[in-house]
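Taking it in order: structure first as C-alpha cells, then the write-up.
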Amino acid sequence: MRIRKVFSGFLATIVMSLMVQTAFAADNTSTQSRTLIICFSQPEEMKPDAMDGFSGASVLQKNTLETGSTQYVAQLLQKRTQGDLYRIETTTPYPRQHDALLRAAEKEQETKARPSLKTPLPDLSRYDTIYVGYPIWWYTMPMVIYGLFEQNDFADKTVIPFTTHGGSRLADSLREIARRQPKAKLITRVLSISRDDISHPDVPAQVEQWVKHIQPQR
Ligand SMILES: Cc1cc2nc3c(=O)[nH]c(=O)nc-3n(C[C@H](O)[C@H](O)[C@H](O)COP(=O)(O)O)c2cc1C
C-alpha cells in the first residue's frame with residue numbers, strides 16, 4: 001500500500017515536471033519566433049583605386065569579403081534578439097563592382113523598379129516585431145525596400161528600421177515607410193551607422209545599447 005502511494009507520488013512528480021518543461025519549451029519557441037530581422041545588403045568588390053564619394057566601403061574587411069555593412073549589423077541583432085534572420089536577395093543579382101552597382105541602383109530609381117525576391121519573405125503573421133535594415137542608396141532606401149513596404153502588410157507590427165550609410169544617415173526613409181505602412185508601429189529612434197565606423201570595435205556595444213533603449217518605445 002505504502003509502496004503504491006510512494007510510486008504514484010513519484011509518477012505525479014515526473015508528469016508535473018514534464019508538463020512544466022513542455023510549457024517552457026512552447027513559451028521559448030513563441031517568444032523567439034516573434035522577432036524577425038529583414039536585411040538588404042550588397043557587399044562590393046574592393047577596388048582601392050576606384051574610390052569616390054560612395055566608394056566600396058560596403059565591404060566589411062574585418063569580417064569576410066562576403067559580409068555587407070547592413071548585414072553585419074543584422075547579424076549582431078540576430079544574436080542579441082534571438083530572432084529569425086531573413087536576408088533579401090533579388091532574382092536579378094546586383095553587380096559587385098562599385099561603379100556598375102551605382103549605375104544599376106540609379107536606373108532602378110529612375111524607373112521606379114520593384115525588384116522581385118529570390119526567396120519568398122517569411123510569413124509575417126508569425127511575427128510582431130520586425131527589424132528592417134538597408135543601406136541608403138541615392139539619398140533614399142533601395143527600391144527593393146520600397147517594394148517590401150508596398151507589397152506586404154505590417155499593420156499593428158512594431159517596425160524597427162536600421163540603416164548603414166555614407167553620410168545620409170536615414171535620408172527620407174522613415175517618412176517613406178510611414179507613408180506606405182500607416183498602421184505599423186514605427187519606431188523612430190533608428191540605428192544608423194556610417195560605413196566608415198562599421199569596423200569599429202564599439203559597434204556590437206552600440207547595437208546592444210540601442211536595442212535596450214528602444215524597449216520603452218515599444
Ligand atoms: C548604389 C549606391 C548608392 C549609395 N548612395 C548613398 C547615398 O545617397 N547616401 C549615403 O550616405 N550613402 C550612399 N551609399 C553608401 C552606402 O549607403 C553604404 O556604403 C552602406 O553602408 C552600404 O551598405 P551594405 O554594405 O550593407 O550594402 C551608396 C552606396 C551605393 C552602392
Side-chain angles (χ1 to χ4, degrees), residues 36-81 83 85-119 121 130-149 159-177 190-204 206-207 210:
L36 174 66
I37 301 137
I38 300 176
C39 95
F40 176 66
S41 188
Q42 186 53 49
E44 295 170 46
E45 241 173 46
M46 195 60 151
K47 263 205 187 160
D49 56 341
M51 297 290 191
D52 64 17
F54 300 143
S55 63
S58 79
V59 180
L60 194 65
Q61 286 184 302
K62 232 186 139 200
N63 263 311
T64 73
L65 285 178
E66 296 303 318
T67 308
S69 300
T70 319
Q71 187 185 355
Y72 171 56
V73 178
Q75 287 168 353
L76 292 173
L77 273 172
Q78 198 276 329
K79 261 196 219 150
R80 170 61 174 77
T81 63
L85 179 58
Y86 169 82
R87 181 173 170 208
I88 292 178
E89 285 185 89
T90 50
T91 319
T92 312
Y94 288 95
R96 294 177 61 94
Q97 298 76 23
H98 183 66
D99 290 343
L101 178 58
L102 280 179
R103 280 196 302 277
E106 192 179 24
K107 188 162 172 230
E108 269 190 8
Q109 204 179 97
E110 281 166 6
T111 57
K112 295 191 169 36
R114 295 295 181 260
S116 53
L117 305 186
K118 195 165 146 190
T119 49
L121 202 64
I130 306 179
Y131 290 83
V132 183
Y134 46 88
I136 298 299
W137 276 7
W138 294 114
Y139 310 103
T140 190
M141 331 184 268
M143 293 297 108
V144 72
I145 301 293
Y146 276 79
L148 174 77
F149 285 114
V159 173
I160 314 177
F162 61 98
T163 75
T164 68
H165 62 92
S168 306
R169 301 183 64 84
L170 290 174
D172 60 357
S173 59
L174 269 193
R175 197 178 58 227
E176 294 296 335
I177 295 171
V190 172
L191 177 70
S192 200
I193 301 183
S194 163
R195 62 174 179 212
D196 299 334
D197 299 332
I198 201 75
S199 302
H200 197 280
D202 272 0
V203 168
Q206 213 178 319
V207 170
W210 174 62

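Just so we're clear, the structure is a prediction, and the values are computed from it rather than from any experiment. For ligands, and for the atoms within them, numbers begin at 1 and follow the listed sequence.
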Taking both backbone and side-chain atoms of [X], is any N or O found less than 3.5 Å from an N or O belonging to ligand 1?
{"X": "Gln71", "value": "no"}
{"X": "Ser69", "value": "yes"}
{"X": "Pro135", "value": "no"}
{"X": "Gly166", "value": "yes"}

Whether the side chain of [X] engages the backbone of [Y] through a donor-acceptor N/O pair (distance < 3.5 Å, no angle test) should be reported.
{"X": "Thr91", "Y": "Ser116", "value": "yes"}
{"X": "Arg87", "Y": "Gln71", "value": "no"}
{"X": "Trp137", "Y": "Leu102", "value": "no"}
{"X": "Ser168", "Y": "Tyr139", "value": "no"}
{"X": "Gln109", "Y": "Trp138", "value": "yes"}

Considering the heavy atoms of [X], write down every atom of ligand 1 situated less than 4.0 Å from one of them.
{"X": "Leu101", "answer": "1 (C), 31 (C)"}
{"X": "Ser168", "answer": "7 (C), 8 (O), 9 (N), 10 (C), 11 (O)"}
{"X": "Glu44", "answer": "31 (C)"}
{"X": "Ala105", "answer": "1 (C)"}
{"X": "Gly68", "answer": "25 (O), 26 (O)"}
{"X": "Arg195", "answer": "15 (C), 19 (O), 21 (O)"}

Of all residues at least two apart in sequence or in a different chain, which pass the ring-ring contact (aromatic ring centres under 6.0 Å, His included) check with Phe149? Phe154
Tyr134: ring-ring contact (aromatic ring centres under 6.0 Å, His included) partners, not counting sequence neighbours: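 Tyr134: no ring-ring contact (aromatic ring centres under 6.0 Å, His included) contacts found.
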Just going by heavy-atom distances, which of His165, Gln109, Arg169, Glu108 is nearest to atom 18 (C) of ligand 1?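 Checking each option, the heavy atom nearest atom 18 (C) of ligand 1 is found in His165.
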Of all the heavy atoms in Glu106, does at least one lie under 4.0 Å from an atom in ligand 1? no
Does Gly167 have a non-hydrogen atom less than 4.0 Å from ligand 1? yes
Quick one about Tyr146 and Thr140 (side-chain donor to acceptor, distance below 3.5 Å, no hydrogens or angles considered), yes or no?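 Yes - a donor-acceptor pair under 3.5 Å links their side chains.
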Give a yes or no on whether Arg114 atom CZ has more than 12 heavy-atom contacts from other residues, nucleotides or ligands under 6.0 Å away. yes
